[in-house]
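Scroll down for the structure; my scribbles are underneath it.
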Amino acid sequence: MPLRSVPGQASVAKDTAGGKLFAPSAARNLSALLEVVTAHAPARGRALEIASGTGQHVVGLARALPQIDWQPSDVDPTRRASIDAHATEAALANVAQAAAIDATSVGWGAVLGPFDLIVLSNLLHLISAAEADTLLSESAQALTPGRPMVIYGPFRRDGRLTSAGDAQFDAALRAHDPEIGYKDVAEIASRAAACRLELTAQIDMPANNLCLILSRT
Ligand SMILES: C[S@@+](CC[C@H](N)C(=O)[O-])C[C@H]1O[C@@H](n2cnc3c(N)ncnc32)[C@H](O)[C@@H]1O
């Protein structure tokens with residue numbers, strides 16, 4: 001399924017000048033995400049951001065890690081136009097044009113890789129478990145052995161939703177589409193391990209989110 005419908009609060013982005021979209025949540029979590037990605041990124045190489053959204057994150061990442069060449073991507077053409085508009089305004093030589101990638105489709109990993117780093121934020125709760133499986137196995141194919149994938153977002157822990165806000169958000173997602181909603185950390189770790197992505201760290205992030213660090217074995 002290329003682009004699932006999600007409830008409004010799951011993907012808020014306002015129009016600004018020149019086709020650029022602005023997501024308040026992306027602005028809020030950028031510095032925390034940057035800190036984790038910077039700590040786990042290789043010294044140089046090629047990085048893929050899956051589901052780049054507005055493009056705010058990839059611009060921040062590319063500025064902070066100039067020795068890495070960044071490939072942003074998204075399934076939605078409006079988001080890709082926004083990513084390109086943000087990257088053009090930032091005039092960064094290490095950000096490529098946004099690629100049209102449906103991360104839940106089969107085949108992109110072998111075609112677009114190899115990458116030395118993959119970053120994914122705020123998508124796993126918006127897709128089904130089967131789609132998350134495909135996303136993980138394609139990412140594993142795209143990633144060079146020994147290299148990391150950083151996954152940021154909201155998760156269940158030991159099957160539980162750990163705040164009232166998370167319980168409400170997960171319920172809204174499932175009411176909108178019973179196939180989507182928060183994934184459990186252990187479930188993602190086990191499915192990732194089955195496609196050679198080993199969970200090496202779980203980092204607490206602001207707003208009760210997590211970063212999962214997976215290493216391609
Ligand atoms: C909640 S936004 C997150 C954007 C950004 N990563 C962030 O954290 O601000 C979800 C993004 O995933 C994209 N998306 C949804 N389904 C996708 C898919 N199957 N493959 C790639 N991107 C997808 C949407 O177009 C949207 O830009």
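In listed order, ligands and their atoms are each counted from 1. Sequence positions, counted from 1, serve as the residue numbers for this chain.
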Any idea which atoms of ligand 1 are less than 4.0 Å away from a heavy-atom of R79? 25 (O), 27 (O)
Please could you name the atoms of ligand 1 that S121 approaches to less than 4.0 Å, counting only its heavy atoms? 3 (C), 5 (C), 6 (N), 7 (C), 8 (O)
Between the side chains of D166 and R156, is the shortest nitrogen-to-carboxylate-oxygen separation below 4.0 Å, so that they form an ion pair? no
By number and element, which atoms of ligand 1 are closer than 4.0 Å to a non-hydrogen atom of T104? 19 (N)
Contacting atoms of ligand 1, where contact means under 4.0 angstrom from a heavy atom of A26: 9 (O)
Does an N or O anywhere in D102 fall below 3.5 Å from an N or O of ligand 1? yes
Please identify each residue that fulfils side-chain contact (heavy atoms from CB on, under 4.5 Å) with A27, with sequence neighbours left out. F22, Q56
Does some non-hydrogen atom of I50 fall short of 4.0 Å from ligand 1? no
To the nearest 0.5 angstrom, please state how far the CZ atom of R216 sits from the CZ atom of R147. 13.0 Å
Which atom of H176 lies closest to which atom of S5, heavy atoms considered: NE2-OG, 2.6 Å
Taking the basic N atoms (NZ, or NE/NH1/NH2) and the acidic carboxylate oxygens, is any pair closer than 4.0 Å for R157 and D184? no
Enumerated ligand 1 atoms positioned under 4.0 Å from heavy atoms of I101: 20 (N), 21 (C)
So is R4 polar-close to ligand 1, meaning N/O to N/O under 3.5 Å? no
For ligand 1, the portion of E131 having any non-hydrogen atom under 4.0 Å away: neither
If you count the atoms of ligand 1 from 1 in the order shown, which ones are under 4.0 Å from a heavy atom of L126? 1 (C)
Of the listed options A51, P24, A100, closest to atom 12 (O) of ligand 1 (non-hydrogen atoms): A51
Nearest neighbour of atom 24 (C) of ligand 1 from the list L120, D74, D76, V58, on a heavy-atom basis: D74
Does an N or O from L123, backbone or side chain, lie closer than 3.5 Å to an N or O of ligand 1? no
Just distances here: any N/O of I127 and N/O of ligand 1 closer than 3.5 Å? no
Under a single-linkage definition using a 4.5 Å side-chain heavy-atom cutoff for Ile, Leu, Val, Met, Phe, Trp and Tyr, are I118 and L34 assigned to the same hydrophobic cluster? no
Using 0.5 Å steps for rounding, measure from the CG atom of D74 to the CD1 atom of I83. 5.0 Å
Step through it carefully: locate the ring centre of F169, locate the ring centre of H125, and say whether they are under 6.0 Å apart. yes
Please examine the side chains of L124 and F155, heavy atoms only from C-beta on, and report whether any two atoms are closer than 4.5 Å. yes
